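Structure, as structure tokens:
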Amino acid sequence: MQYWLFKSETSTWSWDQQVAKGDAGEEWDGVRNYQARNFMRQMKVGDQGFFYHSQKERAIVGIVEVIAESHPDSTTDDARWDCVDIKAIKPVKTPVTLDEIKADPRLSEMVLVRNSRLSVQPVTADEWRIICEMAGVSV
DNA sequence: GCCAACGTTGGC
DNA sequence: GCCAACGTTGGC
């Protein structure tokens, strides 16, 4: 069981849109970055992830689960790009902002802090637990 | 809206 | 295979 973080601009794909898809979920498509793609290729059904809104909001707003392992991205014919499908599990009680994450020394090694441009990234079990606590979500 | 950081592309 | 030029992302 691995943990991940999915980043999206609200104007491109928001948490509300993800929730609206329900249990059917949706492709996490449009990723055109090798590192991000490689992480998606490692994902297994049942892995969980944070849903993070970048740009204006800059906060973790929900929990998602991987429901289909990597397959070709339907938004391109380019065989290089794969993606997974995810569904919304539940919103967080309290959004955890980037400022709060940066302020916590235990989270200083997070990819979100160290490489802010990577849109799909791994989260360690410790980081997962700490952020769930901050978010008021039971693990 | 700006710009730093980073990734990708393509000429050589 | 190097690296300059360019494009994109995302925090500020």
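Being a predicted model, the structure only gives us computed values, none of them experimental. Here is the naming used below: chain letters follow the sequence lines, and residue numbers restart at 1 for every chain.
- Between A/W28 and A/F6, the ring centre distance stays below 6.0 Å.
- Checked by atom type, the side-chain pair A/Q18/A/W13 shows a donor-acceptor distance below 3.5 Å.
- Among the atoms of the strands shown, none is found under 4.0 Å from any heavy atom of A/K56.
- Among A/P95, A/S14, A/S11, the one residue that satisfies the side-chain contact (heavy atoms from CB on, under 4.5 Å) test with A/H53 is A/S14.
- A 4.0 Å heavy-atom criterion places the boundary nucleotides of DNA chain B facing chain A at B/dA5 to B/dT8, written 5' to 3'.
- Between the side chains of A/E27 and A/S74, at least one donor-acceptor pair of N or O atoms lies under 3.5 Å.
- Screening A/R80, A/R41, A/R32 against A/D73 for a salt bridge (charged side-chain N to carboxylate O under 4.0 Å, His left out) leaves a single residue, A/R32.
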